There are 2 protein chains.
Amino acid sequence: MTQKDDFDLREFLPYLLNQAAEISSQSFQRTYKGRYGMLRTEWRVLFHLAIYERMTAKDICEKAIMHKTKVSRAVQRLEQRRYLQRKPDEKDRRHEWLTLTSQGRAVYEDLRAHAQQHDQVLMQKLSTEEITVLRRALNALSQP
Amino acid sequence: MTQKDDFDLREFLPYLLNQAAEISSQSFQRTYKGRYGMLRTEWRVLFHLAIYERMTAKDICEKAIMHKTKVSRAVQRLEQRRYLQRKPDEKDRRHEWLTLTSQGRAVYEDLRAHAQQHDQVLMQKLSTEEITVLRRALNALSQP
DNA sequence: TATTGTTATACTCTATAACTATA
DNA sequence: TATAGTTATAGAGTATAACAATA
């Protein structure tokens with residue numbers, strides 16, 4: 001199994017990014033799925049609501065770069081579990097203001113602790129300088 | 001929509017990695033899907049066979065960090081399209097040696113050119129130093 | 001018994017179009 | 001006519017167990 005072609009997959013960014021993303025996400029996925037039966041879209045929405053406190057679905061779409069159908073379904077499931085409440089805007093009833101319940105905030109606090117701990121473990125694989133550059137580069141690559 | 005909690009999602013590596021991976025992969029996905037109707041697992045297997053010339057499914061599992069069921073199905077579809085050939089090992093008939101057909105190699109050459117061009121576009125968002133550090137960091141994070 | 005590879009099945013995640021209700 | 005949000009549906013991607021064939 002000797003190499004014939006000099007193209008190196010380990011230099012192709014989409015390949016590298018997907019491998020790193022998948023492997024780095026597994027442990028945190030086990031946490032939000034195992035402890036709360038949540039999906040990726042759901043923890044993302046939960047975290048946004050915890051961080052910004054009060055948002056419409058459209059706010060979340062923009063901040064989280066998520067399509068409105070993803071947000072709509074995530075909000076529905078979070079509401080069913082009593083992690084958030086909806087309140088229609090009085091002036092424009094097309095909008096609904098979303099806020100976490102105390103139960104939703106408790107789930108967030110727990111997941112945030114796990115997220116931070118998980119991040120610490122990941123960062124142990126890297127130097128301080130690598131972490132800084134990595135975050136900057138990933139943010140740059142996330143601009144479409 | 002002011003920030004209440006000081007946790008910053010843009011510093012959480014699994015979040016950042018997934019966003020960057022998803023956005024960075026879209027253009028290349030359009031290429032392999034649009035031109036050849038291929039899936040992610042399929043171009044990965046195709047590329048491995050082009051680079052290493054002759055592998056068993058197990059070799060691909062190890063090199064590409066893919067589960068054997070993914071490899072099995074990707075190989076099947078690549079064979080249906082006549083992009084690869086199978087030849088059972090004479091000494092141990094549990095193994096099958098996989099090689100690309102000339103048609104498979106042609107598809108690879110085309111996709112590799114697109115991949116390299118796509119990588120160039122992505123790298124324009126980054127400095128030379130950032131690219132070096134990014135690749136190193138992503139490789140480190142890809143070790144489970 | 002262990003290994004290589006296949007099949008079945010379910011779940012997770014994403015993309016798109018069509019729709020409702022409000023403005 | 002435009003915007004916020006929902007529903008339906010399909011496709012892409014992943015995970016796991018059970019299986020057949022060979023060693």
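Keep in mind that what you see is a predicted model, and the values were worked out from it rather than measured. Chain letters run A, B, ... following the sequence lines, proteins first, then strands; residues in each count from 1.
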**OP:** Decide if atom CD of A:E90 counts as having more than 12 heavy atoms of other residues, nucleotides or ligands within a radius under 6.0 Å.
**Re:**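 No, CD of A:E90 has 12 or fewer neighbouring heavy atoms, counting only those of other groups under 6.0 Å.
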Original post:
Are A:F47 and B:F12 close enough that their ring centres sit under 6.0 Å apart?
Top reply: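 No.
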Is the distance from OP1 or OP2 of [N] to the nearest side-chain N or O of [X] less than 4.0 Å?
X	N	answer
A:Q76	D:dT7	yes
B:K70	D:dG13	no
A:K58	D:dG5	no
B:Q29	C:dT14	no

Original post:
So, the side chain of B:D119 versus the backbone of B:A115: is there a donor-acceptor pair under 3.5 Å, distance only?
Top reply: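 No, B:D119 side chain to B:A115 backbone: no donor-acceptor pair under 3.5 Å.
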For [X] and [N], what is the distance between atoms [atom1] and [atom2] respectively, to the nearest whole Å?
X	N	atom1	atom2	result
A:Q26	C:dC13	CD	P	12 Å
A:L98	D:dA4	CG	C1'	12 Å
B:M38	D:dA12	CE	P	13 Å

**OP:** Return the 5'-most residue of the pair A:H67, B:R86 with respect to DNA chain C, ranking by each residue's nearest nucleotide.
**Re:**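 Nearest nucleotide further toward 5': that of B:R86.
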Original post:
Hey, does the side-chain of B:R73 have a donor or acceptor N/O within less than 3.5 Å of a partner on the base of C:dA8?
Top reply: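 Flag set: donor-acceptor pair detected.
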Subject >> base_contact_polar (D:dT3 base, A:R94 side chain, donor-acceptor, <3.5 Å) >> reply: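 Result: at least one qualifying N/O pair found.
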**OP:** Would you kindly compare A:E22 and A:D92 by the position of their nearest DNA chain D nucleotide and give the one closer to the 5′ end?
**Re:**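 By nearest-heavy-atom nucleotide position, the 5'-most residue is A:D92.
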Original post:
About how many Å separate CG of A:L122 and OG of A:S24, when rounded to the nearest 0.5 Å?
Top reply: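 One finds 5.0 Å between OG of A:S24 and CG of A:L122.
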